[in-house]
Amino acid sequence: MTLKYCQGPDCHTYHTQDRLKGMKGSKTYQTRRRSSFYYGNGNFCDQRCMYNWFQQFGDQAVNHFGRITEVKHLTEENAWTKDWNYPDHGNDRNYYYLNTITKEQRPLTQEQYDDTNYTINTGE
Ligand SMILES: [Zn+2]
């Protein structure tokens, strides 16, 4: 099994027993290695390491992959979200589309609700 290394730049500086490794007399605190990590798409052992990385490299990463420099708009055509509620009488759920801007509701079948590919947003 290949072990992954925590990408936190300061991971090795935190004094926890699981990081302290090596023979007596030559012990060191080491970057955590695990088969999988839970944070930051599996790149970091904990939130602290994730935020340390972002503090050190975040500006470069945002600039590299495209800094947002103008307001983005979610228009009425793309403001539909799926929702459900219980009717006043009865136990069967009501499924519907809700336009979060106009507040218009349109009925949905349960199949349409469950289908993650089904949308009436135009995606522009
Ligand atoms: Zn770490």
Side-chain angles (χ1 to χ4, degrees):
M1 179 164 39
T2 318
L3 293 177
K4 299 176 81 171
Y5 295 82
C6 173
Q7 296 302 302
D10 299 326
C11 191
H12 63 290
T13 66
Y14 299 122
H15 304 162
T16 61
Q17 279 308 308
D18 71 297
R19 288 180 172 96
L20 186 58
K21 299 195 167 163
M23 306 289 282
K24 194 175 180 183
S26 61
K27 285 184 185 294
T28 59
Y29 286 105
Q30 300 181 12
T31 298
R32 278 179 168 157
R33 285 168 288 183
R34 302 226 177 108
S35 56
S36 66
F37 291 118
Y38 194 72
Y39 295 91
N41 293 352
N43 288 302
F44 303 97
C45 70
D46 59 20
Q47 284 196 358
R48 177 167 56 178
C49 281
M50 185 172 72
Y51 287 123
N52 285 345
W53 186 94
F54 197 87
Q55 199 148 28
Q56 190 163 337
F57 301 114
D59 286 342
Q60 286 172 260
V62 167
N63 287 331
H64 178 77
F65 293 109
R67 178 173 293 275
I68 291 171
T69 57
E70 57 188 29
V71 168
K72 297 168 80 173
H73 297 266
L74 182 71
T75 59
E76 285 183 20
E77 294 72 40
N78 290 306
W80 294 97
T81 59
K82 293 176 180 179
D83 204 352
W84 61 269
N85 60 20
Y86 285 114
D88 290 338
H89 303 286
N91 297 316
D92 291 336
R93 290 176 177 185
N94 276 327
Y95 296 95
Y96 58 90
Y97 253 124
L98 170 67
N99 191 297
T100 57
I101 294 176
T102 65
K103 308 304 179 195
E104 180 187 346
Q105 290 189 19
R106 293 186 190 172
L108 275 177
T109 66
Q110 185 177 353
E111 289 69 33
Q112 290 168 332
Y113 180 89
D114 291 337
D115 182 353
T116 54
N117 291 318
Y118 181 80
T119 182
I120 57 176
N121 288 316
T122 57
E124 290 172 27

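In listed order, ligands and their atoms are each counted from 1. No experiment lies behind these values; they were computed from the predicted model shown. Along the sequence shown, residues are numbered consecutively beginning with 1.
- For Tyr14, the OH atom is densely surrounded, since the number of other residues' heavy atoms within 6.0 Å is greater than 12.
- Put simply, the side chain of Asp10 does not reach to within 4.5 Å of the side chain of Gln55, judged on heavy atoms.
- Enclosure of atom OH in Tyr5 is not indicated, since only 12 or fewer non-hydrogen atoms of other residues, nucleotides or ligands lie within 6.0 angstrom.
- Aromatic ring orientation, Tyr86 versus Trp84: perpendicular (interplanar angle above 60°, classes split at 30° and 60°).
- Between His15 and Tyr29, the angle of the ring planes stays under 30°, which puts this pair in the parallel group of the 30/60° scheme.
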Run the side-chain donor-acceptor check on residues 35-48: report pairs under 3.5 Å with partners two or more places apart or on a different chain.
unit_1	atom_1	unit_2	atom_2	d
Asn43	ND2	Gly40	O	3.1
Asp46	OD1	Arg48	N	3.3
Asp46	OD1	Cys49	N	2.9

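- Inside a sphere of radius 2.8 Å centred on the Zn ion (ligand 1), the protein N/O/S atoms present are Cys6 SG, Cys11 SG, Cys45 SG, Cys49 SG.
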